[in-house]
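I have placed the structure first, in the form of structure tokens, so that the comments after it can refer back to it.
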Amino acid sequence: MSIANINHFIGGQPAAGTSTRAMDVFNPATGAVTGQVALANGADVDAAVAAAQAAFPAWSDTPPIRRARVMFKFLELVNQHKDELAHLITAEHGKVFTDAQGEVARGIDIIEFSCGIPQLLKGDFTDQVSTGIDNWTLRQPLGVVAGITPFNFPVMVPMWMFPVAIAAGNTFILKPSPTDPSASLLMAELFKKAGLPDGVFNVVQGDKEAVDALLVHPDVKAISFVGSTPIANYIYETGAHHGKRVQALGGAKNHMVVMPDADLDQAVDALIGAAYGSAGERCMAISVAVLVGDVADKIMPKLIERTKALKVLNGTNLAAEMGPIVTAAAHQRITGYIEAGAQEGAQMLVDGRVFDAAQTGEGCANGFWMGGTLFDHVTTDMKIYKEEIFGPVLSCVRVPDFAQAVKIINDHEFGNGVSCFTRDGNVAREFARRIQVGMVGINVPIPVPMAWHGFGGWKKSLFGDMHAYGEEGVRFYTKQKSIMQRWPESIGKGAEFVMPTAK
């Protein structure tokens, strides 16, 4: 089997870079090495920034309607190649193909939103704010901006960032995860085919060395990041220290409250899909079920049955419900959490470590496989409750009433996503108002906002002031300029030494 060399994309061209470091890329389903991705050094990052900086004056001066036309063409090309992108995701991440198709579709939503940039960039105008004076605002691009994105959504999360940033007139450097880097290069090629000028969109493959080079580079004006909370905190502090605008989305511990009046079959469907879909490797995955009152005893047999029956298969098999874990290291980390849960006294009802890889598909015996794990009687002092596992592990916490459910969620350090299943309108309203979490679902297990609303959590799930994409994304990638104007005929004679006021 041939091993692909996965390089950078700088100044409109594939680029090998000057670094001699590289990293293996695996197919998680088979455990086989399928590629080697270059790991950029500081000089490679400098080259990408220089290309983006050179392209910025002309691109930022391009009328928004012409930038939108490039976005429309890019949208058309991505739609034509969406299954090709999905196959790349499955081959390097491991998520099932239908899930990968859904990821690409949600990314396409952001491109569609960005095609409306002429409307989104409109400013405000006030005639005659004072005698003979008019006042208006503009939103102008920042310059060179960068996105640092995680392994779990190699297409969708970059598309949270670069379509909005580029449509707004910025030039962009994407630093994708080295775990599944190939999709980034296909996106770059499609953008070039769409007519995007060279240097407007660049891809730098790499690890911490590339990240640190972007964080300190004086010509990078803003950084967007999605990943774990410790790294998000580091990105935020380091980027802000170097004068950059930073939007850093961190980790999560998403709860789903099941009230006694909920439709149990719907709640089970929601928990199984949201906990084990994409092997739990989603920042919006439900990892904690908060079971209120007597609902626990009713729902637990159903959860056990469904967890045991999960179709864990090679993601290329359209019957698959869950694929492999993304890397051997992640598999080991998740296994450690499962062991910790058992040691701390949680009741393990289904053990995902006991799994026969031979059933997953031909040639998959050496893949990074595990089944779903289900814990009951988890308490809030346990490690598996407090920390983000990022794997197919569902922890069930029993609480006596709605007030206690709200309290334990509000007490958690993360506040990314949350859901409540109920038939009671008052409970739903109170939950939505009182819960201290950024994204809330009522009978919706994964409440990822649509492209025009914006994505972001609260507390330690978000560092920075603005959420990703939507109108907040436009604000993040632009700066407001206020202009006041008057003409000589309306200017009174003589110097004025007092604060200007409306006259």
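The structure presented is a predicted model; accordingly, all values stated were derived computationally and were not measured. Atoms considered below: every heavy atom in the structure, side chains included; atoms not considered: hydrogens, waters and symmetry mates. Residue indices begin at 1 and follow the sequence shown.
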- Query: Say you draw a straight line from CD1 of Ile446 to CG of Asn254; how long is it, rounded to the nearest 0.5 Å?
  - Reply: 9.0 Å
- Item | Leu75 and Glu112: CA distance, side-chain angles, deciding distance, side chain to side chain contact (heavy atoms under 4.5 Å, CB included) verdict | CA-CA 7 Å; Leu75 171 64; Glu112 290 176 332; 3.6 Å; yes
- Item | Parallel, tilted or perpendicular: ring planes of Phe151 versus His93, cut at 30 and 60 degrees | parallel
- Query: Do you know which of Lys386, Lys459, Lys460 makes salt bridge (Lys or Arg N to Asp or Glu O under 4.0 Å) with Glu413?
  - Reply: Lys460
- Taking the inter-plane angle between the rings of Tyr477 and Phe172 on a 0 to 90° scale, is it parallel (under 30°), tilted (30 to 60°) or perpendicular (over 60°)? perpendicular
- Message: Could you check whether any side-chain heavy atom of Ile334 comes within less than 4.5 Å of a side-chain heavy atom of Phe390, counting everything from C-beta outward?
- Response: no
- Item | Pairs satisfying ring-ring contact (aromatic ring centres under 6.0 Å, His included), at least one member in residues 262-315, at least two apart | none
- So, are Asp269 and Lys302 salt-bridged, with charged N and O less than 4.0 Å apart? no
- Message: Please determine whether a side-chain nitrogen of the Lys or Arg among Lys192 and Glu189 lies less than 4.0 Å from a carboxylate oxygen of the Asp or Glu.
- Response: no
- Item | Expected output: side-chain Ser461 to main-chain Gly415 donor-acceptor under 3.5 Å | yes
- Message: For the backbone of Met300 and the side chain of Asp376, can you confirm whether one donor and one acceptor N or O come within less than 3.5 Å of each other?
- Response: no
- Task: Give the C-alpha distance, both sets of side-chain angles, the deciding distance and a yes or no for salt bridge (Lys or Arg N to Asp or Glu O under 4.0 Å) between Asp265 and Arg306.
- Result: CA-CA 11 Å; Asp265 289 333; Arg306 291 288 295 279; over 6 Å; no
- Task: Before giving the answer on side chain to side chain contact (heavy atoms under 4.5 Å, CB included), spell out for Asp180 and Ile89 the whole-Å C-alpha distance, their side-chain angles and the decisive distance to 0.1 Å.
- Result: CA-CA 7 Å; Asp180 42 15; Ile89 295 167; 5.8 Å; no
- Query: Is it the case that Lys383 places NZ or CZ above or below the six-membered ring of Tyr337, under 6.0 angstrom from the centre and within 45 degrees of the axis?
  - Reply: yes
- Message: For the CD atom on Glu362, are there more than 12 heavy atoms of other groups (residues, nucleotides or ligands in this structure) within a distance under 6.0 Å?
- Response: no
- Task: Compare every heavy atom of Arg106 with every heavy atom of Pro449, then report the nearest pair and how far apart it is.
- Result: O-NH2, 2.8 Å
- Item | Polar side-chain atom of Gln247 near backbone of Phe476 as donor-acceptor pair, under 3.5 Å | no
- Task: Taking the side chain as every heavy atom from C-beta outward, state whether Val268 and Leu303 have any pair of such atoms under 4.5 Å apart.
- Result: yes
- Between Met161 and Ile148, what is the shortest heavy-atom contact and its length? CE-O, 4.1 Å
- Task: Give the ring-plane orientation class for Phe26 versus Phe368, where under 30° counts as parallel, over 60° as perpendicular and anything between as tilted.
- Result: perpendicular
- When rounded to the nearest 0.5 angstrom, what distance separates OG in Ser224 from CE in Met466? 10.0 Å
- Message: What I'd like to find out is whether the side chain of His412 reaches to under 4.5 Å of the side chain of Val437, using heavy atoms alone.
- Response: no
- Note on the structure: Output for pair (Ser395 OG, Leu374 CG), nearest 0.5 Å, gives 8.5 Å
- Query: Can a donor-acceptor pair be found between the side chains of Thr229 and Glu388 at a distance below 3.5 Å?
  - Reply: no
- Message: Less than 3.5 Å apart, any donor N or O on the side chain of Asn7 or Gln205 sitting next to an acceptor on the other?
- Response: no
- Hey, are the side chains of Arg21 and Glu209 touching, using non-hydrogen atoms and a 4.5 Å cut-off? yes
- Message: Just checking Glu305: does its CD atom have more than 12 heavy atoms from other residues, nucleotides or ligands closer to it than 6.0 angstrom?
- Response: no
- Message: In the structure I gave you, are the side-chain heavy atoms of Val448 and Phe455 within less than 4.5 Å of one another anywhere?
- Response: yes
- Item | Rounded distance (nearest 0.5 Å) linking atom NE2 of His377 with atom CD of Gln347 | 5.0 Å
- Query: Measuring from Ser114:OG to Arg67:CZ, what's the distance to the nearest 0.5 Å?
  - Reply: 11.5 Å
- Query: Within the distance-only criterion (no hydrogens, no angle test), does the side chain of Asn410 pair as donor or acceptor with the backbone N or O of Gln436 below 3.5 angstrom?
  - Reply: yes
- Query: Would you find a donor on one side and an acceptor on the other, under 3.5 Å apart, between the side chain of Asn233 and the backbone of Pro230?
  - Reply: no
- Message: Could you check whether any side-chain heavy atom of Leu349 comes within less than 4.5 Å of a side-chain heavy atom of Thr307, counting everything from C-beta outward?
- Response: no
- Task: Check whether more than 12 heavy atoms from other residues, nucleotides or ligands sit under 6.0 Å from atom CD of Gln332, and answer yes or no.
- Result: no
- Query: Is Arg429 atom CZ crowded by more than 12 heavy atoms from other residues, nucleotides or ligands, each under 6.0 Å away?
  - Reply: no
- Message: Using a 3.5 Å distance criterion without hydrogens, assess whether the side chain of Asn5 forms a donor-acceptor pair with backbone atoms of Val37.
- Response: no
- Message: Would you say Gln36 and Asp24 are linked by a side-chain donor-acceptor pair, where the criterion is simply a distance under 3.5 Å?
- Response: yes
- Item | Ring center gap for Tyr469 and Phe113 short of 6.0 angstrom | no
- Query: If you round to the nearest 0.5 Å, how far is CE of Met322 from CG of Asp99?
  - Reply: 12.0 Å
- Item | Partner set under salt bridge (Lys or Arg N to Asp or Glu O under 4.0 Å) for Glu103, not counting sequence neighbours | Lys95
- Minimum-distance pair of heavy atoms, taken over all atoms of Phe375 and Ala346: CD2-CB, 3.6 Å
- Note on the structure: Correct closest heavy-atom pair for Phe463 and Ala232 would be CD1-CB, 3.7 Å
- Minimal non-hydrogen separation, Ala330 against Ile325, with atom names: CB-CG2, 3.7 Å
- Task: May I ask you to test the Ile408-Tyr385 pair for a side-chain heavy-atom distance under 4.5 Å?
- Result: yes
- Would you please test Leu271 and Ile299 for side chain to side chain contact (heavy atoms under 4.5 Å, CB included) and show each step? CA-CA 11 Å; Leu271 282 170; Ile299 202 172; 4.3 Å; yes
- Message: Do Phe402 and Phe431 make a side-chain contact, defined as non-hydrogen atoms from C-beta onward lying under 4.5 Å apart?
- Response: yes
- Query: Any donor and acceptor pair, going by atom type alone, linking the side chain of His331 with main-chain N or O of Trp369 inside 3.5 Å?
  - Reply: yes
- Message: Applying side chain to side chain contact (heavy atoms under 4.5 Å, CB included) to Ile117 and Met71, what does each step give before you reach the verdict?
- Response: CA-CA 10 Å; Ile117 200 68; Met71 297 304 299; over 6 Å; no
- Task: Say whether, by atom type as modelled, one donor and one acceptor occur between the side chain of Ser419 and the main chain of Met256 under 3.5 angstrom.
- Result: no
- Do the side chain of Asp424 and the main chain of Asp261 share a donor and acceptor less than 3.5 angstrom apart? no
- Between Leu85 and Ala183, the two heavy atoms sitting closest are CD2-O, 4.0 Å
- Counting only N and O atoms by type, is there a donor-acceptor contact under 3.5 Å from the side chain of Lys175 to the main-chain atoms of Gly206? yes
